[in-house]
Each structure stands twice: as structure tokens, then as C-alpha cells.
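Everything numeric in this text was worked out from a predicted model, so none of it was measured. So you know, we letter chains A, B, ... as the sequences are listed, proteins then strands, and number each from 1. Heavy atoms only: backbone and side chains are in, while hydrogens, waters and symmetry mates are out.
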Protein chains: 2
Amino acid sequence: MVSSEALAERAGTTGAQVRKDLSSFGSFGTRGRGYGVDPLHARIREILGLTRPWQVALVGAGRIGSALHAYPHFRDRGFRIVAILDMDPAKIGGAWEGTPIRDVGELEAVVGAESVEIVILAVPASAAQPLAERAAAAGVRGILNFAPVRLRLPEGVEVNNVNLAVELEALSHALSLEDARR
Amino acid sequence: MVSSEALAERAGTTGAQVRKDLSSFGSFGTRGRGYGVDPLHARIREILGLTRPWQVALVGAGRIGSALHAYPHFRDRGFRIVAILDMDPAKIGGAWEGTPIRDVGELEAVVGAESVEIVILAVPASAAQPLAERAAAAGVRGILNFAPVRLRLPEGVEVNNVNLAVELEALSHALSLEDARR
DNA sequence: GCCAGCTTGTGAAAAACTTCACAAGAAAGG
DNA sequence: CCTTTCTTGTGAAGTTTTTCACAAGCTGGC
Ligand SMILES: NC(=O)c1ccc[n+]([C@@H]2O[C@H](COP(=O)([O-])OP(=O)(O)OC[C@H]3O[C@@H](n4cnc5c(N)ncnc54)[C@H](O)[C@@H]3O)[C@@H](O)[C@H]2O)c1
Ligand SMILES: NC(=O)c1ccc[n+]([C@@H]2O[C@H](COP(=O)([O-])OP(=O)(O)OC[C@H]3O[C@@H](n4cnc5c(N)ncnc54)[C@H](O)[C@@H]3O)[C@@H](O)[C@H]2O)c1
């Protein structure tokens with residue numbers, strides 16, 4: 001068992017916050033004891049949609065793409081990278097851990113054949129918008145975008161942007177504030 | 001010149017929001033015209049602490065470290081990766097684009113000699129906490145942490161965590177909600 | 001079977017954030 | 001110089017999120 005306070009401790013929040021958040025999905029704690037770790041874990045996996053595997057295509061077999069492909073936590077949680085696509089002839093025909101790198105021209109075919117629902121976009125900024133549009137048109141429902149551009153896509157396609165420069169800027173901002181206070 | 005509405009359009013928010021946010025740093029628009037692009041850009045750079053360079057050490061010369069080192073937007077904005085550190089003897093002694101990869105044992109010495117203020121931590125989860133503590137003790141003020149652990153550090157050290165698995169989970173959560181609605 | 005000790009679940013209060021809406025001001029054109 | 005047009009800056013209103021605080025309820029020990 002684990003109490004809301006213990007969870008809050010780890011997550012960097014308060015017990016009340018944890019309880020309020022969890023209560024919005026029903027009540028699965030036991031008063032006086034806390035939350036059962038296994039049921040809680042199972043419930044959170046359900047909420048996050050991790051109880052079934054997701055077919056993922058990686059578009060862009062560059063440096064960040066390579067790091068992401070090697071990242072074991074994606075597969076752990078049911079995200080299956082079933083295809084890797086690139087435009088570089090030097091890369092096409094190669095393979096990463098058994099997954100072939102294919103020509104990005106095959107994007108639509110691959111999405112159809114493999115029932116790809118999520119695309120990880122790790123291509124240069126200039127290529128991101130057209131590729132996102134092609135993916136969306138081919139039936140992809142979600143895009144995790146690493147290119148530093150705001151994608152414009154039809155309603156119904158979920159986009160999540162990762163901008164690592166912003167993460168560093170948040171740090172320099174915080175440090176500047178500190179400096180200003182002294 | 002650019003209006004709050006035009007900025008909002010690009011940022012995915014509303015004009016009122018942009019104006020409220022900017023107004024908290026003073027008033028540097030002109031009524032009837034909008035904001036001057038150059039002064040606005042300069043002011044935002046100031047707010048974010050980007051008007052002076054930051055000395056950065058990259059700890060962990062693995063796949064994600066390599067991608068980050070090659071990422072031009074860091075240097076663009078004044079983040080200078082002045083040192084790369086690793087523990088792997090096969091990597092130590094090598095160099096990336098002229099920056100030598102040094103033994104992580106030299107962390108404290110490098111932080112002192114190069115006036116490193118920010119560390120990018122790209123090491124396995126098990127190594128992150130002790131390295132963060134060493135960096136903090138050596139005088140590092142901010143840490144951008146890619147390892148999937150919550151670092152516990154003394155007050156005054158800024159930590160920013162990047163968790164890419166969470167970004168994918170946010171997508172699967174959104175897609176699951178969609179499925180549930182139908 | 002009852003009591004003591006915990007911890008949840010949740011209304012109510014407080015705080016934070018966003019939107020509204022408009023007076024104040026700036027520029028451009030006559 | 002005056003009028004029209006445009007857009008900021010900002011109080012006030014509205015909404016969302018967080019915190020407070022405590023009754024309800026479970027468990028283990030006696
Ligand atoms: N490297 C990083 O740490 C980092 C961090 C954050 C964001 N990003 C962003 O991620 C993207 C990729 O960065 P990277 O460092 O991996 O670059 P990279 O140059 O190493 O890789 C880009 C890959 O995309 C491929 N590509 C180019 N155009 C294509 C197209 N039209 N279709 C398919 N593939 C195409 C290239 O052949 C290459 O393999 C960039 O937008 C970059 O700004 C990178
Ligand atoms: N690869 C990804 O896309 C990705 C994404 C998100 C987070 N992460 C996290 O980033 C970290 C690094 O991932 P990676 O894929 O680059 O792993 P990696 O194995 O490619 O690289 C890790 C590097 O750290 C070095 N290292 C290990 N222990 C060290 C120590 N004590 N001191 C100094 N260096 C040490 C290793 O020699 C290696 O060079 C991990 O914590 C991982 O979970 C990776």
C-alpha cells in the first residue's frame with residue numbers, strides 16, 4: 001500500500017493534490033490504509049491508454065531519431081516502433097536492431113500496412129509540416145514532434161511538441177531571476 | 001510591428017493572454033500599432049537570461065548526449081557546451097567537433113576551471129543522483145536532467161526534468177479519451 | 001466487538017489564471 | 001488640427017486549480 005502523502009513526496013506535490021486528481025477517476029483507495037500499489041498502477045495504465053500496444057513509425061533516422069529508437073522505455077510501455085523512414089539514400093536499406101530503414105516515400109503505404117497510429121517526427125524543421133500533413137492524411141492520429149515548428153493540422157490529430165531549447169531557456173530564466181534578486 | 005493577436009495565433013493562445021503576460025514585464029507595445037519585433041525580441045531574450053552566454057557541461061556522451069551536442073539551437077542561444085564528460089574508457093580521450101571527452105572523475109575540476117553553471121545530465125538513471133550531487137557541490141546552479149529519476153538536491157539548485165516517455169504517454173492518453181468518447 | 005489510529009474522498013475556501021471589455025493613447029489621412 | 005482607426009494595458013468578472021479541513025470509513029489490537 002502507498003499513501004497519497006508518500007506519492008506526493010515522490011512526485012513533488014501535496015497529498016491533497018494526489019487525492020483530488022485520483023478521485024476524478026473514481027475512488028480506488030482504502031481509508032486508513034492508502035492505495036494498493038498494483039491496482040493503482042493498473043488503473044493509471046488504463047487511464048493513460050497503456051493497456052494495449054501502439055503502432056509507432058519513426059520518421060527521421062538522424063541523431064535524435066537514433067537516440068529515441070534505442071530508448072527502452074518506449075517499448076516497455078507498449079509503444080512499438082514498427083517502421084523507420086528517412087529520405088537519405090545512404091540510410092535507406094539499412095536497419096536498426098532489425099527494423100529496416102525505408103524510403104519516406106513509402107510513408108502512406110507503411111501507415112496503412114502496419115496500422116500506424118502514432119508518428120514520431122524527428123526531421124529538420126523545414127520537412128516537418130509536409131510530412132505531418134502526409135501522415136495525418138494517411139490516417140495517423142497522433143504526432144510527437146521534435147522539430148522546432150508549430151504544426152498546423154486538421155482537427156482530430158493530436159500533436160505533442162518537444163522543444164529542448166525551451167527546457168534550457170527555462171533554466172537560464174530561473175538562474176537570471178536568482179541573479180536579479182541579489 | 002506585430003500585434004498581440006498575431007503573436008497569439010502563432011503561439012496557440014489568445015491576444016488577451018499575450019498582452020497580460022507581456023504586461024507583467026512592463027509595457028513595451030505601442031497602442032494602435034502593436035509590438036516592435038526587435039525590441040520585443042530583445043526584451044524576451046533579457047527575460048530569459050539569454051543576453052549573456054552560459055557555460056554548460058554535458059555529462060554522459062551516449063546517444064542522447066550525442067544528439068544534444070549536435071543540436072545547433074543550444075549554441076545559437078548562448079549555451080556553450082564547454083566540456084563533455086563520460087566514464088567509458090572507450091570514449092574518454094575522443095572528441096566531438098573539437099571538444100574533448102574527458103573522464104567524469106574530472107567533473108569538479110572542469111566545473112571550477114570552466115566556470116560551468118549548467119549541467120546537462122544524460123547518463124543512465126542509476127548514475128544520475130550521485131553525479132547531480134557532485135555537480136551541485138562543485139558549484140553548478142542548474143541541471144537539465146534526461147534520466148528518468150527525480151533528483152533530490154539542496155535548495156538553490158534548479159532542476160529541469162525531461163521525460164520523453166511521458167510525452168508519448170500524453171499522446172496515448174489523448175487518443176484513448178477519443179476512443180472512449182465513441 | 002469496540003476503540004484508537006490512520007488515511008481517503010470531498011465540499012468549501014482560497015488562490016491562480018484566463019477572458020472580457022473598454023478607456024487611453026498612438027498614428028495616419030485628410 | 002481634428003477625426004478615424006487600430007491596438008495596447010489593465011481593472012473586473014469569470015473560470016479553473018489548489019489547498020484546507022474534516023466526516024466517513026477501514027484495520028489491527030485488545
Ligand atoms: N539533436 C537534438 O538534440 C535535437 C533536439 C531537439 C530537437 N531536434 C530537432 O529534431 C530534428 C532532427 O534533429 P537531428 O539532430 O536528429 O537531425 P539530423 O540531421 O541528425 O537528422 C535528420 C534526419 O532526417 C532526415 N530527413 C531530412 N528530410 C527528410 C524528409 N523530408 N523525410 C524523411 N527524412 C528526412 C535526414 O536524412 C536525417 O536522417 C530537427 O528538427 C531538430 O531541430 C533535435
Ligand atoms: N535515448 C533516448 O532517447 C532517451 C530519451 C529520454 C531519456 N533518456 C535517458 O537519458 C539517459 C542516457 O540515455 P542514452 O540513450 O544516451 O544512453 P547511452 O547508454 O547511450 O549513454 C549513456 C552514457 O552515459 C555514460 N555513463 C554511464 N555511467 C556514467 C557515469 N557514472 N558517469 C559518466 N558517464 C556515465 C555511458 O558511458 C554512456 O556513454 C538515460 O538515463 C536514459 O534513460 C534517453
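Distance from the side chain of A:Ser3 is smallest to C:dT7 among C:dT19, D:dT8, C:dT7. The side chain of B:Arg31 lies closest to C:dA24, out of C:dA24, C:dT7, C:dT18.
Judged by distance alone, with hydrogens and angles left aside, the side-chain atoms of A:His173 form no donor-acceptor pair with the main-chain N or O of B:Gly49 at under 3.5 Å.
Whole-Å rounding puts the A:Asp21 CG to C:dT8 P distance at 13 Å. Between A:Arg19 atom CZ and D:dT18 atom P the separation is 14 Å, expressed in whole Å. In this entry the distance linking CD of B:Glu5 with C1' of C:dT18 reads 14 Å, nearest Å. Atoms CD (A:Gln17) and P (C:dA15) sit 16 Å apart, rounded to a whole Å. Distance B:Phe28 CZ to D:dT10 P: 11 Å, rounded to the nearest Å. As rounded to whole Å, 8 Å separates atom P of C:dG9 from atom CG of A:Leu22.
The side chain of A:Tyr35 contributes an N or O atom lying less than 4.0 Å from OP1 or OP2 of C:dG9. Close to D:dT8, at under 4.0 Å from its OP1 or OP2, lies a side-chain N or O of B:Ser4.
Ring-plane geometry between B:Tyr71 and B:Phe74 is classed as perpendicular, the angle between the planes exceeding 60 degrees on a 0 to 90 degree scale with a lower cut at 30. Relative ring orientation between B:Trp96 and B:His69 is described as tilted, the plane-to-plane angle lying within the 30° to 60° band.
Not a single donor-acceptor pair, N or O on each side, falls under 3.5 Å between the base of C:dT10 and the side chain of A:Lys20. Between the base of C:dA27 and the side chain of B:Arg33 there is no donor-acceptor pair shorter than 3.5 Å.
A salt bridge does not link B:Glu97 to B:Arg75: none of the charged side-chain nitrogens sits closer than 4.0 Å to a carboxylate oxygen.
Between A:Ala16 and A:Thr30, the residue whose closest nucleotide on DNA chain D is further toward the 5' end is A:Ala16.
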